[in-house]
*Asks:* 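Please find one structure pasted underneath; my questions will follow.
Order of appearance sets the numbers: ligands from 1, and atoms from 1 within every ligand.
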Amino acid sequence: MADEAPVKSKVFTLASGPGAKVTPEPMTLVIFGASGDLARRKLVPAVYGLWQDGQLPPLFSLVAFARHPKSDEAFRGEMREAVAKFSRGRTVDAKAWEAFAERVHYRVGDYDDPAAFRALGAQLDRQAAEEHRPANALFYLATPPQTFPLVVRRLGEAGLSRAGAQAPPWSRLVIEKPFGSDLSSARALNEEVLRVFDERQVFRIDHYLGKETVQNILVLRFANSIFEPIWNQKYVDHVQITVAESGGVEQRGPYYDHAGALRDIVQNHMMQLVCLVAMESPLSLAADAVRDEKAKVLRALRPIPAACVPEGLVRAQYAAAEARGKRVRGYLEEDGVAPGSVTETYVAMKVLIDNWRWAGVPFYLRTGKRLAARLTEIAIHFKPIPQVLFGAPGRGPVEPNVLAMRIQSNEGITLRFQVNVPGPAMQIEPFQMDFGYAEVFERAAPEAYERLLLDAALGEPTLFTRGDEIEAAWTFLQPILDGVRQCPVRRLPSYPAGSWGPAEADALLEADGRRWSLVRRPAKTA
Ligand code: NDP
Ligand code: BG6
């Protein structure tokens, strides 16, 4: 009789993440801009989540630094509400919250005031001395990007950067996105930061890298032997990456109107997804080995020359529309958006990677706000079969295989292949084999910010972008931005809010004899 022993899953315990055995050293997290939207919706709920799950050391503390005067009590109250509202699936445990809140302090200070930074340093030293521990500090820049250089400078002047320190206390710096608004500002920011901190102390956030399903791209590719041999131009026809958002610009109109989809999503999240799909196997999982391979992909991107209408690029803006019986505002009606703005809320583009593996394989990227659904999907479209047997005239061509990785939502992996429908005549139809995280694993994936905060606290940089990666991504984007700047237009093509984007994006693929497609997975059942 065949051996029918159940297949056991092999559990690897990583340095961080759920099930991690390692706890960071005693430390203080200092959030600059703690009165802001990011701190409230993402950072503090993530820190509290880690605390409640026992992933932070007992001698952890949080210093919230901002200009608005506020008492510790008032800040703690606001954060309790924020945690209750935004924390992922957890109820706030009263006892855990009480212990956590005691370790949260609000510090009023101006980002330009050297004395405020010296006082912050004194506070960190005092608390560490009282607790008989080193004054380790994780500084988190959650202020508007134009203030990043200033805060970094002030940290250096106050002696808080501790660059070159070989022993505790250590300092680390987490920098939010956007890292620069073009190539020269990104370079300048890198220089500013590296004047004060060593690269190994710097953690540049791209929160997509903290998503479990994004990390799983590498596992799918390199922990399985069946995909690697076909993961190249011999077998892959093209790749589609969709980062679709159903929401609009929300409260972030003023920021978004200066950024647009190219800077907000393409330069960072989208480029990171391209890297993970296209990179060679790294020599190890060490941070620099992984980042070296990602940087090579970015450097191999074929430049899109500056032009008034850059080849292979579509930019568009959402227009007001009815969706589910409700009128949805157009981009130009959003708060904080300049009248007549020509900032793009949608981008579709064709990207080529000039290396041996991917020569001639187009990567079609699209991202937008106010699209029909919130969904991020990477789909590898394989080459069609020679249509001599099954694709004979009268039967129509047989659809090629597609392997889709659903990053969010309804996370999973789907393989589309052909089957013969039972019956007297041969009838070939595509069928989908699905793997869904929610159905297979009982444990929910941690929030991206939980994973990233924990990794930064542990000094583990793999899921953060290195300075050269960021500059390589900007190098690719810069000619496109130049073309857009040099050729002002009065309006952009538009798409109705709640649709899948403008007709121009469909035409981009149709010109290559292809079309956008999403591999829908059945929604999970309760
Ligand atoms: P906010 O505009 O809410 O700013 C955060 C805080 O920074 C403010 O509450 C303010 O606090 C302080 N601040 C310091 N200097 C200034 C200034 N010159 N103008 C306005 N505020 C200032 O930003 P978010 O919280 O939305 O974002 C923080 C950072 O995170 C930004 O760099 C952003 O790009 C990034 N980010 C945000 C995301 C989000 O979803 N919100 C997503 C991804 C990245 P005070 O006045 O009390 O000092
Ligand atoms: C941020 C962008 O980096 O990512 C936002 O600034 C965007 O505009 C967000 O909405 C999307 O992140 P997520 O995790 O919701 O896909």
*Asks:* What protein heavy atom is closest to atom 6 (O) of ligand 2, reported as residue, atom name and distance in Å?
*Replies:*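 Here the closest protein heavy atom is D264 OD1, 2.6 Å.
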*Asks:* Do the rings of H381 and H238 sit parallel, tilted or perpendicular, given the 30° and 60° boundaries?
*Replies:*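 Ring orientation, 0 to 90° scale: parallel.
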*Asks:* Side-chain donor-acceptor pair under 3.5 Å between R204 and N190, yes or no?
*Replies:* yes
*Asks:* For atom 11 (O) of ligand 1, grab the closest protein heavy atom and report residue, atom and distance to one decimal in Å.
*Replies:*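 Minimum-distance protein heavy atom for atom 11 (O) of ligand 1 reads S35 OG, 2.8 Å.
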*Asks:* Relative to the heavy atoms of Q408, which atoms of ligand 2 are at a distance of less than 4.0 Å?
*Replies:*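 Counting from 1, the qualifying ligand atoms are 13 (P), 16 (O).
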*Asks:* Is the centre of the Y111 ring less than 6.0 Å from the centre of the F65 ring?
*Replies:*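 Aromatic pair counts; centres sit under 6.0 Å.
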*Asks:* Looking at non-hydrogen atoms alone, which of R263, E245, E250 comes nearest to atom 10 (O) of ligand 2?
*Replies:*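 Nearest heavy atom to atom 10 (O) of ligand 2 lies in E245.
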*Asks:* What part of T147, side chain from CB on, backbone N/CA/C/O, both or neither, has a heavy atom under 4.0 Å from ligand 1?
*Replies:*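 Only the side chain of T147 comes within reach of ligand 1.
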*Asks:* Any luck finding a side-chain donor-acceptor pair between S171 and S161 under 3.5 Å?
*Replies:* no
*Asks:* Have a look at F32, F179, Y111 and point out the one with the heavy atom closest to atom 12 (C) of ligand 1.
*Replies:* Y111
*Asks:* Are any non-hydrogen protein atoms located under 4.0 Å from atom 30 (O) of ligand 1?
*Replies:*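 Neighbour list for atom 30 (O) of ligand 1 includes protein heavy atoms (cut-off 4.0 Å).
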*Asks:* Between K369, H269, H207, flag the one that comes closest to atom 12 (O) of ligand 2 by a heavy atom.
*Replies:* H207
*Asks:* Suppose I only count heavy atoms of P178 and a 4.0 Å limit; which atoms of ligand 1 are within that range?
*Replies:* 34 (O)
*Asks:* Closest by any non-hydrogen atom to atom 46 (O) of ligand 1: pick that one out of Q251, R252, E176, R67.
*Replies:*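 Comparing heavy atoms across Q251, R252, E176, R67, the nearest one to atom 46 (O) of ligand 1 lies in R67.
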*Asks:* Hey, can you tell me if F117 and F32 have their rings parallel, tilted or perpendicular (30° and 60° cut-offs)?
*Replies:* parallel
*Asks:* Quick one: look up the protein heavy atom nearest atom 33 (C) of ligand 1 and list residue, atom name and how far away it is.
*Replies:*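 For this ligand atom, the closest protein heavy atom is K177 O, 3.5 Å.
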*Asks:* Take every heavy atom of F65, measure it against each atom of ligand 1, and state whether any distance is under 4.0 Å.
*Replies:* no
*Asks:* Going by the closest heavy atom to atom 4 (O) of ligand 1, which one wins out of A34, P144, G33?
*Replies:*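 Selected option, by shortest heavy-atom distance: P144.
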*Asks:* At what distance is the nearest protein heavy atom to atom 5 (C) of ligand 1, and which residue and atom is it?
*Replies:*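 Of the protein heavy atoms, A142 O, 3.4 Å lies nearest.
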*Asks:* Report, in ascending order of atom number, the atoms of ligand 2 lying under 4.0 Å from any heavy atom of K177.
*Replies:*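 It comes down to these atoms of ligand 2: 1 (C), 2 (C), 3 (O), 6 (O).
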*Asks:* Can the ring centres of W51 and Y48 be said to be less than 6.0 Å apart?
*Replies:*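 Between Y48 and W51, which both carry aromatic rings, the centre distance is not below 6.0 Å.
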*Asks:* Between the side chains of R466 and D288, is the shortest nitrogen-to-carboxylate-oxygen separation below 4.0 Å, so that they form an ion pair?
*Replies:*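 Yes, this pair counts.
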*Asks:* Is there a nitrogen or oxygen of L38 sitting under 3.5 Å from a nitrogen or oxygen of ligand 1?
*Replies:*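 Yes, there is a polar N/O contact under 3.5 Å.
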*Asks:* Evaluate the ring planes of Y256 and Y331, with Trp represented by its six-membered ring, and classify them as parallel (under 30°), tilted (30 to 60°) or perpendicular (over 60°).
*Replies:*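 Judged by the thresholds at 30° and 60°, the geometry between Y256 and Y331 is perpendicular.
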*Asks:* Identify which of R374, E176, E447, K211 has a heavy atom lying nearest to atom 14 (O) of ligand 2.
*Replies:* K211
*Asks:* Is the closest side-chain donor-acceptor distance between E212 and N216 under 3.5 Å?
*Replies:*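 No, no side-chain donor-acceptor contact under 3.5 Å.
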*Asks:* Which of the atoms in ligand 2, numbered in the order shown and given with their element, are less than 4.0 Å from a heavy-atom of R252?
*Replies:* 2 (C), 5 (C), 6 (O), 8 (O)
*Asks:* Between D37, I31, D206, which one has a non-hydrogen atom sitting closest to atom 26 (O) of ligand 1?
*Replies:*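 That would be D37.
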*Asks:* Which of the numbered atoms in ligand 1 are below 4.0 angstrom from a heavy atom of F148?
*Replies:*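 Contacts of ligand 1 toward F148, numbered from 1: 32 (O).
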*Asks:* Quick one: does Y208 get a heavy atom under 4.0 Å from ligand 2?
*Replies:* yes
*Asks:* When you measure from the side chain of S185 to the backbone N and O of S181, does any donor-acceptor pair fall under 3.5 Å?
*Replies:*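 The answer is yes, because a donor-acceptor pair under 3.5 Å joins these two groups.
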*Asks:* One residue to check: R41. Relative to ligand 1, which of side chain, backbone, both or neither has a non-hydrogen atom less than 4.0 Å away?
*Replies:*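 It is the side chain that gets close, since no backbone atom is under 4.0 Å.
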*Asks:* Verify side-chain contact (heavy atoms from CB on, under 4.5 Å) between I378 and L276, making sure each step is shown before the conclusion.
*Replies:* CA-CA 11 Å; I378 299 168; L276 293 172; over 6 Å; no
*Asks:* Salt bridge check, D112 against R154: does any charged N sit closer than 4.0 Å to a carboxylate O?
*Replies:* yes
*Asks:* Please report the C-alpha distance between V337 and T343 in whole Å, then the side-chain angles of each, then the deciding distance to 0.1 Å, and finally whether the side-chain contact (heavy atoms from CB on, under 4.5 Å) criterion is met.
*Replies:* CA-CA 9 Å; V337 169; T343 298; over 6 Å; no
